[in-house]
Enquirer: 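Below you will find the structure I want to go over with you.
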Amino acid sequence: MERTQVAIIGGGPAGMLLSHMLHLDGIDSVVLERQTRDHVLKRIRAGVLEYGTVKLLREVGLGERMEREGHAHDGTWIAWENRRPFLIDTKRHTGKQMWSFGQTAITEELYRVRARDGGRVIDDVRQVTLHDLTGERPWIGFERNDKTQRLECEFVAGCDGHHGVSRNGIPKERLRTFERAYPFGWLGIMSETPPLGDIMYAQHSRGFALASQRNPMLSRYYIQCDLATDPDEWPDERFWEELKLRFPPDIAHKIVTGPSVEKSIAPLRSFVSEPMSYGRLFLAGDSAHIVPPTGAKGLNLAVSDVYYLHRALIAQIKRSDGRYLERYSETALRRVWNAERLSWQLTQLLHVFPDDDDFTRRVRLDEFDYLQSSTAAQAALAEQYVGLPFE
Ligand code: RFL
Ligand code: PHB
């Protein structure tokens, strides 16, 4: 039997960042992760960080590699078929920049600093179960190497992503879920080629595309695809050809192609489960909410949840002040819903839907033209894209 102050389920960015931040305040935690460390460190996901995420990572001592390998942007471009490209100019409207830096690198850094500081991260665990969440002493049951184990704690942080078990710790009759599935996915590739200078979404009648990056020799590109798409039917040649068709020709010809080092499909989904807490269980990150990646909000929301949860746990554990914990769910959800709406709105604006008719297409075009012409609309989008400030 092990004991800790905060049991953290899930060793993705939310769980590991929480563990690191608690450690900086002298609070002990144990992270339980279902996958092996190798698997976790190989996953390729997010790449664009909000200003608030960058600031927080710097404040907790994780800025060095981000400064070295990442890259600041004044915003993100939207290249629209047969229109002048438009910059979501976060620098101009908010004074803040976005940052290209990969979730894979952030996760590596988090595992590095937890190992350096003697953090307990138990990987490859099975059969995680949550118990006594409304009592004083919750505990977690799990199996490792076919041995059943028990972890006792004061608080449980459910950071185990969309397919985790923590959300089920909240009784069904208390949970309310909101969901939207989109009838397409993103086929993404990573290639060791120099990226375009900017991050760029492309709206095109053939479907959405995105040019992004991780570092000066690592590019990330996506194209909207059918949900039934088999990546094996998309050899690199075919991917590059389709990608270039979706960007305006003067931009397409600047795309440097090369062999892909990874290729995968992600479905698009919006999902929120409320509340984000029950007794001594607190959900953070994808375990409570999912956004479609248009808008680049998922990882950033995981970070803001952790910011609020860390503050609340510190107030409770160090000062017996439970007010932040009581309000954790409603505080976090305000930011979550803003990101949900923005991600949904950008997804509607930039993708081709199977049931699009002429009216929908014309209204979408008007939304883009309005953005091009209205400073107020540009400022509103920029403020949300760069991320609302933490409360
Ligand atoms: P994660 O990263 O899913 O980590 C959860 C961890 O929990 C483990 N786990 C369990 N552990 C123990 N017991 C169980 N029963 C468990 N079940 C699961 C899992 O193995 C895993 O290690 O959730 P977390 O930490 O909340 O982090 C969320 C982010 O990963 C996610 O929101 C982003 O990647 C979303 N996202 C993006 N977000 C951004 O902010 N900017 C972006 O540019 C961006 N691009 C993206 C994205 C997600 C994408 N995909 C693949 C869905 C691009 C893509 C293509
Ligand atoms: C990425 O770089 O992977 C990325 C960038 C912008 C998005 C989503 C993903 O909106």
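Numbering of ligands and ligand atoms starts at 1, following listing order.
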Enquirer: When you measure from atom 3 (O) of ligand 2 to every protein heavy atom, which one gives the shortest distance, and what is it?
Expert: Y222 OH, 2.6 Å
Enquirer: Within the structure, is a non-hydrogen atom of H162 found at a distance of less than 4.0 Å from ligand 1?
Expert: no
Enquirer: Nearest heavy atom to atom 9 (N) of ligand 1 wins, so pick from V125, L18, D160, D305.
Expert: D160
Enquirer: Should A296 be counted as touching ligand 2, given the test is an N or O pair under 3.5 Å?
Expert: yes
Enquirer: For ligand 2, does R214 get within less than 4.0 Å through its side chain, its backbone, both, or neither, judged by non-hydrogen atoms?
Expert: side chain
Enquirer: Specify whether the nearest protein heavy atom to atom 44 (C) of ligand 1 is under 4.0 angstrom away.
Expert: yes
Enquirer: For atom 19 (C) of ligand 1, what's the nearest protein heavy-atom neighbour? Residue, atom name and distance, please.
Expert: E33 OE2, 3.5 Å
Enquirer: Would you check if the distance from the ring center of Y308 to the ring center of Y328 is below 6.0 Å?
Expert: no
Enquirer: Starting from atom 36 (N) of ligand 1, locate the nearest protein heavy atom and write down its residue, its atom name and how far away it is, to 0.1 Å.
Expert: A46 CB, 3.7 Å
Enquirer: List the closest protein heavy-atom neighbour of atom 5 (C) of ligand 2: residue, atom name, distance to the nearest 0.1 Å.
Expert: V48 CG2, 3.3 Å
Enquirer: I need the contact type for Y385 against ligand 2. Using non-hydrogen atoms and a strict under-4.0 Å cut-off, is it side chain, backbone, both or neither?
Expert: neither
Enquirer: Determine, using ring centers only, whether F208 and W186 are less than 6.0 Å apart.
Expert: yes
Enquirer: Measuring from the heavy atoms of F142, does anything fall under 4.0 Å of ligand 1?
Expert: no
Enquirer: When only distance counts, is W186 in polar contact with ligand 1, meaning an N/O pair under 3.5 Å?
Expert: no
Enquirer: Tell me if the centroids of the rings in F178 and W337 come within less than 6.0 Å of each other.
Expert: yes
Enquirer: Starting from atom 7 (C) of ligand 2, locate the nearest protein heavy atom and write down its residue, its atom name and how far away it is, to 0.1 Å.
Expert: P293 O, 3.5 Å
Enquirer: Strictly below 4.0 Å, N to O, side chains only: are E154 and R280 in salt-bridge contact?
Expert: no
Enquirer: Could you walk me through whether R126 and D124 satisfy the salt bridge (charged side-chain N to carboxylate O under 4.0 Å, His left out) test, starting with their C-alpha distance in whole Å, then the side-chain angles of each, then the deciding distance to 0.1 Å, before giving a yes or no?
Expert: CA-CA 7 Å; R126 302 285 140 85; D124 209 6; 2.5 Å; yes
Enquirer: Just need the protein heavy atom nearest to atom 2 (O) of ligand 2, so name the residue and atom and give the distance.
Expert: S212 OG, 2.6 Å
Enquirer: Taking it one step at a time, do E391 and R334 satisfy salt bridge (charged side-chain N to carboxylate O under 4.0 Å, His left out)?
Expert: CA-CA 10 Å; E391 287 176 37; R334 273 196 288 276; 2.7 Å; yes
Enquirer: For atom 30 (O) of ligand 1, state which one of Q103, M16, E50, R34 supplies the nearest heavy atom.
Expert: Q103
Enquirer: For ligand 1, which atoms sit closer than 4.0 Å to a heavy atom of G164?
Expert: 17 (N)
Enquirer: Any cation-pi pair here, K55 with F390, using under 6.0 Å and within 45°?
Expert: no
Enquirer: Is there a nitrogen or oxygen of W186 sitting under 3.5 Å from a nitrogen or oxygen of ligand 2?
Expert: no
Enquirer: When only distance counts, is R45 in polar contact with ligand 1, meaning an N/O pair under 3.5 Å?
Expert: yes
Enquirer: K297: heavy atom below 4.0 Å from ligand 2, yes or no?
Expert: no
Enquirer: Inspect the contact between E242 and R238 and indicate whether a charged nitrogen and a carboxylate oxygen are less than 4.0 angstrom apart.
Expert: no
Enquirer: Is a side-chain donor or acceptor of Q203 paired with a backbone partner of L350 at a separation under 3.5 angstrom?
Expert: no
Enquirer: So is there a nitrogen or oxygen of Y222 less than 3.5 Å from a nitrogen or oxygen in ligand 1?
Expert: no
Enquirer: Could you walk me through whether E109 and R116 satisfy the salt bridge (charged side-chain N to carboxylate O under 4.0 Å, His left out) test, starting with their C-alpha distance in whole Å, then the side-chain angles of each, then the deciding distance to 0.1 Å, before giving a yes or no?
Expert: CA-CA 10 Å; E109 282 298 278; R116 178 198 67 194; over 6 Å; no
Enquirer: Regarding D236 and K263, does a basic nitrogen lie under 4.0 Å from an acidic carboxylate oxygen?
Expert: yes
Enquirer: Does the ring center of F184 lie less than 6.0 Å from the ring center of H351?
Expert: yes
Enquirer: Just go through G285, G12, P13 and tell me whose heavy atom is the nearest to atom 27 (O) of ligand 1.
Expert: P13
Enquirer: May I ask you to check whether G161 has an N/O atom sitting below 3.5 Å from an N/O atom of ligand 1?
Expert: no
